[in-house]
Amino acid sequence: MSLIHLNAENFEKVVNQKRVLVDFWAPWCMPCQMLGTVLEDLANELPDLIIAKINVDDEPQLAMKYNINSIPALLLFENGKLLKSSLGYMDKEQLKSKFNL
């Protein structure tokens, strides 16, 4: 599965689905770019997990809603409920362990 790009219009619909890992990022953030590669690999490896990205520059209201003050920030939702969050870069194994993927 490929990565989904979220915005204010589609955010609620997407996170109210099964398990969704949301990446708050920005194109100027080097750790975000590195994490993006990891998330692409993970999307191919775990087709049942929805992986979504939110550009904080384009969607500041969503970043504010979830108190995102530092990026990259990952939030794991299941059926609309926030289960876990994490800040900063992680490699694939760290990410899988942190979020029980």
Side-chain angles (χ1 to χ4, degrees):
M1 171 176 259
S2 61
L3 302 176
I4 298 170
H5 293 275
L6 296 181
N7 56 42
E9 290 76 42
N10 67 2
F11 181 82
E12 293 297 328
K13 180 181 178 187
V14 172
V15 299
N16 281 312
Q17 299 178 44
K18 49 183 180 170
R19 291 182 69 161
V20 183
L21 184 63
V22 178
D23 174 27
F24 286 84
W25 73 288
W28 47 262
C29 167
M30 188 52 62
C32 297
Q33 300 296 333
M34 294 167 42
L35 184 60
T37 303
V38 172
L39 294 174
E40 287 174 14
D41 288 346
L42 203 59
N44 292 325
E45 188 177 312
L46 302 172
D48 291 340
L49 176 69
I50 297 170
I51 298 179
K53 296 176 73 71
I54 297 175
N55 182 331
V56 296
D57 291 340
D58 295 341
E59 301 293 337
Q61 70 280 12
L62 282 173
M64 196 176 344
K65 179 178 180 179
Y66 289 97
N67 298 316
I68 305 300
N69 297 314
S70 181
I71 54 175
L74 295 171
L75 279 63
L76 180 65
F77 293 87
E78 187 164 354
N79 300 317
K81 180 180 177 187
L82 179 60
L83 299 179
K84 286 187 178 184
S85 64
S86 179
L87 288 176
Y89 172 81
M90 286 182 277
D91 67 29
K92 187 165 57 171
E93 294 309 314
Q94 290 170 319
L95 200 146
K96 288 168 75 173
S97 175
K98 169 78 178 178
F99 291 102
N100 300 316
L101 305 175

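Sequential numbering from 1 along the given sequence is applied to the chain's residues.
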Review point. Can you tell me how far CG of L39 sits from OG1 of T37, rounded to the nearest 0.5 angstrom?
Key: 8.5 Å

Review point. Taking the side chain as C-beta and beyond, is there a heavy-atom pair between M34 and P72 under 4.5 Å?
Key: no

Exercise for review: Report the relative orientation of the aromatic rings in F11 and F77; use parallel for angles under 30°, tilted for 30 to 60°, perpendicular for over 60°.
Suggested key: perpendicular

**Study point:** Interatomic spacing from CZ in F99 to OG in S85 - rounded to 0.5 Å
**Key:** 7.0 Å

Review point. What do the steps show when you test V22 against V20 for side chain to side chain contact (heavy atoms under 4.5 Å, CB included), and what is the final call?
Key: CA-CA 6 Å; V22 178; V20 183; 3.8 Å; yes

Review point. Between CD1 of I4 and CD1 of I51, what distance do you get to the nearest 0.5 Å?
Key: 9.5 Å

Revision key, fill the gap. Closest non-hydrogen contact found for N10 with H5 is ND2-O, 3.3 Å

Practice item. Please name the pair of heavy atoms, one in L49 and one in L21, separated by the smallest distance, quoted to 0.1 Å. Key: CD1-N, 4.2 Å

Review point. How many angstroms lie between CG in D23 and NZ in K53, if you round to the nearest 0.5 Å?
Key: 4.0 Å

Practice item. Go through the steps to decide whether K84 and N100 satisfy the test side chain to side chain contact (heavy atoms under 4.5 Å, CB included), and finish with yes or no. Key: CA-CA 10 Å; K84 286 187 178 184; N100 300 316; 2.9 Å; yes

Practice item. For Q61 and A8, work out which heavy atoms get closest and say how close. Key: NE2-CB, 3.3 Å

Check your understanding: What are the two closest non-hydrogen atoms of I54 and E59, and how far apart are they?
Key -> CG2-CB, 3.8 Å

Review point. CZ of R19 to CG of D48: how many Å apart, nearest 0.5 Å?
Key: 10.0 Å

Review point. Can you find a pair of side-chain heavy atoms, one from L35 and one from L95, that are under 4.5 Å apart?
Key: yes

Check your understanding: Atom CG in L46, atom CD1 in I50: separation rounded to 0.5 Å?
Key -> 12.5 Å

Review point. Considering only heavy atoms from C-beta outward, does the side chain of I68 approach that of L75 to under 4.5 Å?
Key: yes

Exercise for review: Please name all residues satisfying side chain to side chain contact (heavy atoms under 4.5 Å, CB included) with K98, sequence neighbours left out, ordered by chain then number.
Suggested key: S86, M90

Exercise for review: Check the hydrophobic clustering (I, L, V, M, F, W, Y; side-chain heavy atoms under 4.5 Å; chains of links allowed) and say if W25 and V38 are grouped together.
Suggested key: no

Practice item. From the options L6, L87, V56, N55, select the one residue that forms a side-chain contact (heavy atoms from CB on, under 4.5 Å) with F24. Key: V56

Review point. Does Y66 belong to the same Ile/Leu/Val/Met/Phe/Trp/Tyr cluster as V14, with side-chain heavy atoms less than 4.5 Å apart forming each link?
Key: yes

Check your understanding: Of the non-hydrogen atoms in G36 and L3, which two are nearest, and what is the gap between them?
Key -> O-CD1, 4.5 Å

Review point. Closest approach of G80 and N16, non-hydrogen atoms and distance?
Key: CA-OD1, 3.1 Å

